[in-house]
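Worksheet: the structure to be examined is printed underneath.
Letters A, B, ... mirror the listed sequences (proteins, then strands); counts begin at 1.
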Number of protein chains: 2
Amino acid sequence: MPGGIVWLTGLSGAGKSTLSAALAARLAPLRPIEALDGDDVRTFLSAGLGYSRADRDTNVHRIAYVARLLARHGVLVLVAAISPYADTRQRLRELSTAAGHPFLEVFVHAPLATVIERDVKGLYRRAQAGEIPSFTGISDPYEPPPSPDVEVRTDRESLADCEARILAALTARGLISA
Amino acid sequence: MPGGIVWLTGLSGAGKSTLSAALAARLAPLRPIEALDGDDVRTFLSAGLGYSRADRDTNVHRIAYVARLLARHGVLVLVAAISPYADTRQRLRELSTAAGHPFLEVFVHAPLATVIERDVKGLYRRAQAGEIPSFTGISDPYEPPPSPDVEVRTDRESLADCEARILAALTARGLISA
């Protein structure tokens with residue numbers, strides 16, 4: 001089965017990692033799969049990078065480089081990373097496609113008010129208090145995908161429903177068997 | 001066939017990349033293989049890092065993280081990187097082994113006088129002129145492996161002979177079929 005990249009973009013707290021982990025667990029018995037989580041990857045690949053536009057771009061380009069290496073060997077790679085800039089994501093799509101790997105952009109969408117209310121890690125409270133500079137959605141931009149391959153609304157849809165729609169898109173692209 | 005890591009260490013100009021490319025070409029028809037070259041990887045994963053001990057260690061730990069991800073999916077990963085510190089290489093071996101991936105340290109050995117004479121990239125001349133600080137072998141240490149899995153002497157052995165001995169070690173470890 002061919003490799004590919006599923007790029008989950010969205011605000012902190014939107015549910016990217018949760019969805020990625022659920023998909024990885026579901027797909028692991030079916031095909032080679034790897035989940036790269038933005039937070040984990042920062043530890044291993046991008047320690048020392050900050051949250052300027054340039055550093056954010058460097059970070060996601062590193063993740064995408066690793067994802068392409070894995071995709072080349074038939075792995076479906078799930079990436080959960082805020083990746084706030086639309087043209088950077090477009091560039092990642094181009095690089096992936098040029099390398100022959102399908103690229104699905106999944107917009108993990110929850111309104112800012114929802115993620116602020118959830119505030120699972122307490123980061124929004126701290127960002128609003130000015131304790132975290134360049135925090136996406138508060139003091140740094142998030143550019144929603146104008147035409148994502150899949151958009152899930154984690155404030156209105158169940159996790160199972162979000163999963164099912166991504167799985168359908170993967171099936172349609174020949175990345176999992178029907 | 002299981003994944004694994006073949007770590008080629010040695011001075012700049014010793015022949016690591018040449019050997020890695022030859023092995024990759026030879027093995028590609030036989031099994032999943034990926035060659036990660038220190039110079040290339042620096043561009044993608046480690047731009048901004050320098051040549052202090054800490055930065056060198058960060059660089060090789062990043063390469064090794066990527067190598068382990070690939071090995072997890074059955075890829076034999078050839079890494080060509082100076083990786084001058086013996087205890088760092090030992091740590092990489094431990095991390096790989098703990099993750100269940102065989103790790104072969106290959107000492108690509110040519111005497112300093114030989115690589116200075118070859119000076120394929122003109123770097124030794126510049127380093128000796130003081131134009132490149134922290135250059136391994138000139139102004140920065142290289143710690144030879146005390147007990148590498150394979151040692152090849154690129155100043156005395158042909159490329160084919162060096163290759164053959166590494167292939168024999170891979171066969172002995174079950175990483176390629178006899």
Looking only at Val66(B), Leu45(B), Leu70(B), most heavy-atom pairs under 4.5 Å shared with chain A are made by Leu45(B)
Test side chain to side chain contact (heavy atoms under 4.5 Å, CB included) applied to Leu19(B) and Leu159(B), step by step: CA-CA 7 Å; Leu19(B) 201 45; Leu159(B) 178 62; 3.5 Å; yes
Using a strict threshold of under 4.0 Å (side-chain N to carboxylate O), is an ion pair present between Arg173(A) and Asp149(A)?
yes
Okay, Phe44(A) and chain B: the region with an atom under 4.5 Å from a heavy atom over there is both
Would you check if the side chain of Ser96(B) reaches a backbone N or O of Leu92(B) as a donor-acceptor pair within less than 3.5 Å? no
Whatever's closer than 4.5 Å to a heavy atom in chain A on Thr58(B) counts as neither
If one checks every heavy atom of His61(B) against chain A at 4.5 Å, the contacting part turns out to be neither
Q.
Determine whether a donor-acceptor pair (N or O, by modelled atom type, separation under 3.5 Å) exists between the side chain of Arg31(A) and the backbone of Ile176(A).
A. no
Under 4.5 Å to a heavy atom of chain A? For Ile33(B) that would be backbone
So that I know where these two stand, are Tyr51(B) and Phe135(B) an aromatic pair - ring centroids less than 6.0 Å apart? no
